[in-house]
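Following: one structure in structure tokens, then a few remarks.
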Amino acid sequence: SFVGMFPASRPRYLVFVMLDEPKGIKETFNYSTAGWTEALDIAGKQDHPLIVSAAYSGLGHAYLYKGEYAPADASYQNALAVATKSGFRGHVAEAHVGICELYFQMKSYDLCRQHAQEALAIGETIRKKDIQLKASAYLAVLMVRDGLFVEGVQRLRGIMADARDYGDPQSILIAERLLGQALAEHAPTEAGRNDGRSTLDRALVFAKDKEVAYEIQWIKRLLAGSS
């Protein structure tokens, strides 16, 4: 079954759908869970832009997790277009974060920075803390990649502390993963690189506890590459 409510910030509508014995197909990556069998299908049948934008973002996450960057980009861009046209700035910012993450995985760092800056600006305007944390974390890790190791790591540690205080699991995971990656890949000493691997280990435990499948896979890959 699938239950969805919208808008998330001030719920007015609830959708409940139940499908008897669903079967995974190619288009759902052989998954048969409700998010694949019903949520996206419902979104395609609705005119409400909040649902459509959220569905496109979810599809973007799925393609990104599978490493299929072109359809991930197309899905995120669709989410961004729908949210922008409808004036849902929170969803616009979320789409920018998704695109930023995509370009970071693709090593297109200038484009990642551009979308992180867009997300941060919107997040500050609408005072959406989780958006600010996620975007700031990517900007900080890009500082590390640009050679500002000490400054970038300090910012990441501060962002991670803020994320823990705020209590948003996704923000915590992104900040901790990026901090671990920055240390493991760029620390000038073995002790620093070991600190990075320990940070990734903690992030992996947290991701498993929160059952965030794509973060689990990314962190495992980072650990395998840093060993």
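Predicted model only: the values in this text are computed from it and were never measured.
Scanning both residues, I159 and A140, for their nearest heavy atoms gives CD1-CB, 4.1 Å. The two residues I219 and L173 come nearest to each other via the heavy atoms CD1-CD2, 4.4 Å. Residues Q105 and L64 approach most closely at CG-CD1, 4.1 Å, considering heavy atoms. The heavy-atom pair separating L200 from Q181 by the smallest distance is CD2-N, 3.9 Å. Minimum interatomic distance between P169 and F206 (heavy atoms only, all atoms of both residues): O-CE2, 3.6 Å. When every heavy atom of L142 is checked against every heavy atom of C112, the shortest pair comes out as CD1-SG, 4.0 Å.
Using a 4.0 Å cut-off between a side-chain N of Lys or Arg and a carboxylate O of Asp or Glu, D195 and R157 qualify as a salt bridge. In this structure, D146 pairs ionically with R113, as a charged nitrogen and a carboxylate oxygen lie closer than 4.0 Å. Ion pairing between a basic and an acidic side chain is recognised when a charged N comes within 4.0 Å of a carboxylate O; E215 and K208 show no such pairing.
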Output, in order, the C-alpha distance, side-chain angles, deciding distance and verdict of salt bridge (Lys or Arg N to Asp or Glu O under 4.0 Å) for K128 and D130. CA-CA 6 Å; K128 204 166 188 304; D130 62 318; 3.0 Å; yes
Test side chain to side chain contact (heavy atoms under 4.5 Å, CB included) applied to Q170 and V212, step by step: CA-CA 9 Å; Q170 190 176 26; V212 185; over 6 Å; no
What verdict does the salt bridge (Lys or Arg N to Asp or Glu O under 4.0 Å) test give for R177 and E101, after you've listed the backbone C-alpha separation in whole Å, the side-chain angles of each residue and the deciding distance to 0.1 Å? CA-CA 12 Å; R177 167 171 52 86; E101 190 151 55; 2.5 Å; yes
Going through the distances and angles, do D110 and Q114 end up as a side chain to side chain contact (heavy atoms under 4.5 Å, CB included)? CA-CA 6 Å; D110 287 341; Q114 174 185 328; over 6 Å; no
Working for side chain to side chain donor-acceptor pair (under 3.5 Å), residues Q77 and D73: CA-CA 6 Å; Q77 296 293 345; D73 195 11; 3.3 Å; yes
Given the rule in the salt bridge (Lys or Arg N to Asp or Glu O under 4.0 Å) test, do E185 and R197 qualify, once you have shown the distances and angles that lead to the verdict? CA-CA 9 Å; E185 294 180 354; R197 288 187 282 271; over 6 Å; no
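To the nearest 0.5 Å, the span separating CZ on R193 from OG on S198 amounts to 13.5 Å. We find the NE2-OG1 distance between H91 and T84 to be 12.0 Å, quoted to the nearest 0.5 Å. Rounded to the nearest 0.5 angstrom, Q132 CD and I126 CD1 are separated by 8.5 Å. Atoms OG and CD1, on S171 and I131 in that order, are 8.0 Å from each other to the nearest 0.5 Å. In this structure, CE on M143 lies 4.0 Å from CZ on R155, to the nearest 0.5 angstrom.
Cluster membership check: Y76 shares its hydrophobic cluster with Y65, using side-chain heavy-atom separations under 4.5 Å among Ile, Leu, Val, Met, Phe, Trp and Tyr. Following chains of ILVMFWY side-chain contacts shorter than 4.5 Å, one can reach I122 starting from L102, so the two form part of one hydrophobic cluster. Taking hydrophobic clusters as Ile, Leu, Val, Met, Phe, Trp and Tyr residues chained together by side-chain heavy-atom distances below 4.5 Å, L80 does not share a cluster with V97. Both I99 and W218 belong to a common hydrophobic cluster when Ile, Leu, Val, Met, Phe, Trp and Tyr are linked at side-chain heavy-atom distances under 4.5 angstrom. Placement of L183 and L222 in two distinct hydrophobic clusters is found when ILVMFWY residues are connected by side-chain heavy-atom separations under 4.5 Å, directly or transitively.
E211 meets the side chain to side chain contact (heavy atoms under 4.5 Å, CB included) test with no other residue; sequence neighbours excluded.
The local environment of CZ in R127 is sparse, with at most 12 non-hydrogen atoms from other residues, nucleotides or ligands closer than 6.0 Å.
Sorted by first and then second residue, the ring pair (Phe, Tyr, Trp, His ring centres under 6.0 Å) pairs involving residues 108-167 (not counting sequence neighbours) are H96-H115, Y103-H115, F104-Y109, F104-Y138.
Judged purely by atom type and a 3.5 angstrom limit, S108 has no side-chain atom pairing as donor or acceptor with the backbone of L111.
Taking the side chain as every heavy atom from C-beta outward, K134 and E94 approach each other to under 4.5 Å. Side chains of D168 and L133 form no contact here, defined as non-hydrogen atoms less than 4.5 Å apart.
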